[in-house]
There are 2 protein chains.
Amino acid sequence: MKAATIRDVAARAQVSVASVSRVLTGAGAVTEPTRQRVLEAVAALAYVPHSGARSLSTSRTDTVGVVLPDLFGEFFSELIRGMDLAARTHGLHLIVSSSHDDADEASAAIRSMRGRVDGMIVLSPHLDAANLAASLAGSLPVLLMNGGATDAGRPSIVVDNHGGAVAAVEHLIAGGARDIAHICGPTGNLEAEARMAGYVQAMAAAGLKARVVDGDFSQSSGHAAVRAMLAEGSHSDAIFAGNDVMAVGALLALQEAGVRCPEDVAVVGFDDVPIAQLVRPSLSTMRINIAETGRRALDRLVDLIRAKDDEALPADVACEIVRPVLVARDSSRANPSINTQASDDGRTAVKSTISSGGHQDV
Amino acid sequence: MKAATIRDVAARAQVSVASVSRVLTGAGAVTEPTRQRVLEAVAALAYVPHSGARSLSTSRTDTVGVVLPDLFGEFFSELIRGMDLAARTHGLHLIVSSSHDDADEASAAIRSMRGRVDGMIVLSPHLDAANLAASLAGSLPVLLMNGGATDAGRPSIVVDNHGGAVAAVEHLIAGGARDIAHICGPTGNLEAEARMAGYVQAMAAAGLKARVVDGDFSQSSGHAAVRAMLAEGSHSDAIFAGNDVMAVGALLALQEAGVRCPEDVAVVGFDDVPIAQLVRPSLSTMRINIAETGRRALDRLVDLIRAKDDEALPADVACEIVRPVLVARDSSRANPSINTQASDDGRTAVKSTISSGGHQDV
DNA sequence: CTGTTAGCGCGTTCAC
DNA sequence: GTGAACGCGCTAACAG
């Protein structure tokens, strides 16, 4: 028993396929009686339009693709959540494609999307926009979020990683820290490199000596980095981690070693993933409103798709910059309450900081 | 400048479209010279097959759909991660559709997938399988993960929520707890109801009085539930939360109130989301290997699709049951180390517990 | 207002 | 081995 097609419906309703199409799409006038007969037949046959076929003739798929390097951790899931929310309001489907570590895989993924999506959002922290453009199929609208340099002339959204890193370091310095170590992200990752560069610059500007420990954005690497530092007899009084996940790993390693945070070592992360406010001490970080950024990315993509359709409206090729906002929590607080368990002094301060960012804590 | 079609390639290579197709799909023999000419033309025109059109003639989309109620929190993102991993190994695309709170929305989402996917995985904790089946388009292979009763005759994977809840309560009782409260999930959610039922039954079996506090699976609801309990002068010595997210909220509320965990109140959650081992005290919970479950779901769906194609192989309509495993961490440990910060006594015990579950901690 | 017909881009029989 | 023709399911012109 195969699924009914539009012809089956037409036959049963004693009308032409065109009329069925008109009733279903809403376009074109149809007389009430025929309309009723069509709807009746549709119900009787449990007919559902074949969106694939429809796409072929309208050349619109009502689907957008999202290619991203990974799906692990809260960052990407939050991003996708924001995109999904926006997609729903536009009546679009979302097709995700992840785990593309290298350029070739990403290219293949992008190519395989042709004829399947109306546009795509590409996150590829390993590639620069130029390389990526080469592998793009046809003139499909694409919004880049590759964290590279502000690549002029190509629609994109990038996070100000450099500026965020500088702000994080300055915050630690303001809190009294002098020997600030940085746990960096994976080599080759543009976001990680920009954050490290910001750290190095801010340290130099303050006349402090930079110290970078390797990491790869994973929690275990943050944990390992701190253990290595401690084993070497580190005297650091602060740590700026390349992302929150590593910062959490660092926090745990400090706890295990009996090092107090923030009294002995202050810690600041990057991203403000949901966990950040749940760990103890709560994690100070550079907030990126992740879900909101995802929503914004999808909205812009929709505009690009419209621009392509209408020809009239110009495509918005701007490189939008998301500026992270410092969220000072307990892990970098100068005078944390003695007993964080029983007090919510910290929380009050956190709330004010956060509400300024238009977000609600806990 | 429009994208090239198979005809453009054929023209440039001086061959028929059929030959181009043969070269690209690999099916059918082609002489080497023509083969070269085709590949050359493909490269010259940067031709990429239109997967939408291909789908229409092969009636395979190489895409599977996942409809789920929400995308918030770590549970669903972990699940999707597992599915995405499996999808990649099968060369399939994943199209996600979320935020379907009620039956109608879910049905619409399911319907809109016809002609777009080869099969789908449906998570709909608000619907029973029977209702859902009604809204299914044609005979599309569907794997259910709706948490309902083991609905015979329909391929599905369900978590043994009832059994898990019983095990959680028994664990708390074994630890000395007698007045165990339960923070339940949203009404109408089948998973939540099964967990509550398990709790009630286990309490009754032990001759203890059950006490249920409302929650909705959100962290804030867990937080609010504990605050309410405390305000009423609760004497509970343990809390079994309907999921980890609420358990974390509960943990924070206890801390804020100066109530020690697990000394004064032990807490056990459900799911074992990644955060569970990051909070302090680390959260005891009923582990579901989420990503693995997602992978398994996709693998089974692939089998169903194959079975539909081959006619020969029978469809596996079994209702697979995932049994949660108790992971005892600090939040329910009878004799936690006095200073969790400086010691890793706890971690040792945790590790052993977890490794028995075939997983690695931290 | 309605029915007929021509594509959308591709895979795939069939004859050659 | 190769090419011409048909069909996948639907929308959109075009006649009637």
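Chain letters run A, B, ... following the sequence lines, proteins first and then strands; every chain starts at 1.
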Estimate the overall bend of the helix from dC1(C)-dG16(D) to dC16(C)-dG1(D) from the end axes over five pairs each, rounded to 10 degrees.
50°
Residues Glu74(A), Arg81(A): salt bridge by 4.0 Å N-O rule
no
Does the side chain of Thr5(A) get closer than 4.0 angstrom to OP1 or OP2 of dC8(D) through an N or O atom?
no
Candidates dC10(D), dA12(D), dT12(C) - which lies nearest the side chain of Thr58(A)
dA12(D)
Do the side-chain N and O atoms of Arg116(B) and Thr63(A) include a donor-acceptor pair separated by under 3.5 angstrom?
yes
What nucleotide, of dC10(C), dT5(C), dT2(C), holds the atom closest to the side chain of Ile6(B)?
dC10(C)
Mind calculating the distance between CD (Gln36(B)) and C1' (dG1(D)) to the nearest angstrom?
16 Å
Determine, for Arg37(A) against Glu40(A), whether the closest basic-nitrogen to carboxylate-oxygen distance falls under 4.0 angstrom.
no
Return the 5'-most residue of the pair Ser19(A), Leu24(B) with respect to DNA chain C, ranking by each residue's nearest nucleotide.
Ser19(A)
Can a side chain N or O of Ser21(B) be found less than 4.0 Å away from OP1 or OP2 on dT12(C)?
no
Is the backbone of Met145(A) close enough, under 3.5 Å, to the side chain of Ser156(A) for a donor and an acceptor to pair up by distance?
no
Minimum-distance nucleotide (side-chain atoms of Arg7(A) versus dC8(D), dA13(D), dT2(D)):
dC8(D)
Assess the residue pair His93(B) and Ser112(A) against the criterion (side chain to side chain donor-acceptor pair (under 3.5 Å)); give the C-alpha distance rounded to whole Å, side-chain angles, the decisive distance to 0.1 Å, and a yes or no.
CA-CA 9 Å; His93(B) 284 267; Ser112(A) 77; 3.2 Å; yes
Euclidean distance, atom CZ of residue Arg22(A) to atom P of dA12(D) [Å, nearest integer]:
11 Å
Take Gln14(B) and Leu56(B), find for each the nucleotide of DNA chain D with the closest heavy atom, and name the residue whose nucleotide sits nearer the 5' end.
Gln14(B)
Over how many whole Å does the gap from His50(A) atom NE2 to dC10(C) atom C1' extend?
14 Å
On DNA chain D, does the nearest nucleotide to Ser57(B) precede the nearest nucleotide to Ala29(B) from the 5' side, or the other way round? Give the residue.
Ala29(B)
Does the side chain of Thr34(B) get closer than 4.0 angstrom to OP1 or OP2 of dT2(D) through an N or O atom?
yes
By the 4.0 Å heavy-atom rule, please label Ser55(B) as base, sugar-phosphate, or nothing.
nothing
OP1 or OP2 of dC10(C) less than 4.0 angstrom from a side-chain nitrogen or oxygen of Arg114(A), does that happen here?
yes
Base, sugar-phosphate or nothing for Ser51(B)? Non-hydrogen atoms, less than 4.0 Å.
nothing
Going by modelled atom types, is there a donor-acceptor pair between the base of dG1(D) and the side chain of Arg35(B) at under 3.5 Å?
no
Sole candidate of Thr293(B), Val158(B), Ile157(B) that passes side chain to side chain contact (heavy atoms under 4.5 Å, CB included) when paired with Glu320(B):
Ile157(B)
So does Arg54(A) get a side-chain nitrogen or oxygen closer than 4.0 Å to the phosphate oxygens (OP1/OP2) of dC8(C)?
no
Give a yes or no on whether the backbone of Thr61(B) and the side-chain of Asp118(B) come within a donor-acceptor separation of less than 3.5 Å.
yes
When you check the side-chain N and O atoms of Asp62(B) and His90(B), is any donor under 3.5 Å from an acceptor?
no
Under 3.5 Å, is there any donor-acceptor pair linking the side chain of Arg60(B) to the base of dG11(C)?
no
